[in-house]
Amino acid sequence: MNTTAIIFDLDGVIVDTAKYHYLAWKKLANTLGFEFTKEQNELFKGVSRKRCLEILLDIGKVEASQEQFDLWMVEKNEDYLAYIKDMDASEILPDVQKTLDYLKGKKVPLALGSASKNAKPILEKVDLLPYFKVIVDGTNVTKAKPDPEVFLIAAQKLNAKPENCIVFEDAVAGIEAAKAAGMTSIGIGDSKTLTNADYVFKDFTEISKEFLEGLMQ
Ligand code: B16
Ligand code: MG
């Protein structure tokens, strides 16, 4: 395979922001009078903010007008932004920077493909913005993962054929999106959850230089 581009998801791959999303959703659920568990939060990974709120309200069996729905979306995001306010490079997940440095050294073009509308400020906070030639995030897409749109736009912007792209993803919806785009998918997380991925690693500490080199042959 001749790899011409590598696309990274953000939340759960580069930084562990899932815990902050969880705290913000849990706060809203508790305000509305119900519990929201870490297990339920798994359903929210890689899923757009709007879809997350729809699922949350289903869990709590809460009905809302469009106006109320929009207010809760804003409230959740404000809480999330407060949690990530002081985020810095210490929150980059293990060996991610090492992997980015290695790929940069090999001159492989890198893209970010995230569902988050907060992706750019997060990359700025953790000082990783300069690594990415292209950023495609929740502000650029109309269809959320598992739709392949986010990854296809990234490939197009990098002038790469989808079959020559590799996607690092932690979410089931993200792996499905990569598959639907016709790209090679590498799951970061639990192999029992990410069963559709072409490869799965617990985290980047498990990914060897030899494996990365093999991908680029
Ligand atoms: P925001 P990713 C996703 O990011 C998160 O996994 C998901 O939990 C979140 O709801 C979504 O971004 C939207 O985030 O509210 O910041 O726009 O994993 O695709 O990088
Ligand atoms: Mg993710």
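Counting starts at 1 for both ligands and their atoms, in listed order.
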Just need the protein heavy atom nearest to [atom], so name the residue and atom and give the distance.
atom: atom 6 (O) of ligand 1; value: G46 N, 2.8 Å
atom: atom 19 (O) of ligand 1; value: A115 N, 2.7 Å
atom: atom 2 (P) of ligand 1; value: D9 OD1, 2.9 Å
atom: atom 10 (O) of ligand 1; value: V47 O, 2.7 Å
atom: atom 5 (C) of ligand 1; value: D11 OD2, 3.2 Å
atom: atom 15 (O) of ligand 1; value: R49 NE, 2.7 Å

Passes ring pair (Phe, Tyr, Trp, His ring centres under 6.0 Å), F36 versus F44? Steps please. CA-CA 11 Å; F36 176 58; F44 284 32; 4.9 Å; yes
Can you give me the closest heavy-atom contact between [X] and [Y], atom names plus distance?
X: C165; Y: A155; answer: SG-CB, 3.8 Å
X: I153; Y: N140; answer: CD1-O, 4.0 Å
X: L110; Y: L158; answer: C-CD1, 4.3 Å

Would you please determine whether A171 falls within less than 4.0 Å of ligand 1 on a heavy-atom basis? no
For E169, state whether at least one heavy atom is located under 4.0 Å from any atom of ligand 1. no
Near K117 NZ, under 6.0 Å, is it more than 12 heavy atoms from other residues, nucleotides or ligands? no
Kindly check if the number of other-residue, nucleotide or ligand heavy atoms within 6.0 Å of NZ (K179) is above 12? yes
Closer than 4.0 Å to some heavy atom of [X] - which atoms of ligand 1 meet that?
X: K145; answer: 19 (O)
X: N118; answer: 1 (P), 16 (O)
X: K117; answer: 1 (P), 16 (O), 17 (O)
X: F44; answer: 7 (C), 8 (O)
X: L10; answer: 20 (O)
X: S114; answer: 2 (P), 4 (O), 19 (O), 20 (O)

Give the other cluster members for V200, using side-chain heavy-atom distances under 4.5 Å between Ile, Leu, Val, Met, Phe, Trp and Tyr residues; answer none if it is isolated. V172, I175, L194
Is it the side chain (CB and beyond), the backbone, both or neither of [X] that lies under 4.0 Å from ligand 1, heavy atoms counted?
X: C52; answer: side chain
X: T17; answer: neither
X: K45; answer: backbone

For residues Y80 and H21, establish whether the separation of their ring centroids is below 6.0 Å. yes
Out of A24, G12, A18, S116, indicate the one that has the non-hydrogen atom closest to atom 14 (O) of ligand 1. S116
Can you measure from OG1 (T99) to CD1 (I6) and round to the nearest 0.5 angstrom? 9.5 Å
So, Y20 versus E91: side-chain donor-acceptor pair below 3.5 Å or not? yes
Just by distance, no angles: are the side chains of D101 and Y131 close enough, under 3.5 Å, to form a donor-acceptor pair? yes
Contacts of Y199 that satisfy ring-ring contact (aromatic ring centres under 6.0 Å, His included) - sequence neighbours left out: F211
Quick one: salt bridge (charged side-chain N to carboxylate O under 4.0 Å, His left out) pairs with a partner in residues 128-146, sequence neighbours left out? D9-K145, K145-E169
What protein N/O/S atoms are there under 2.8 Å from the Mg ion (ligand 2), waters excluded? D9 OD2, D11 O, D170 OD1
Is there side-chain contact between E163 and M183, with heavy atoms separated by less than 4.5 Å? no
Passing option when Y102 is tested against Q97, K209, E213 for side-chain hydrogen bond (donor to acceptor under 3.5 Å, both in side chains): E213
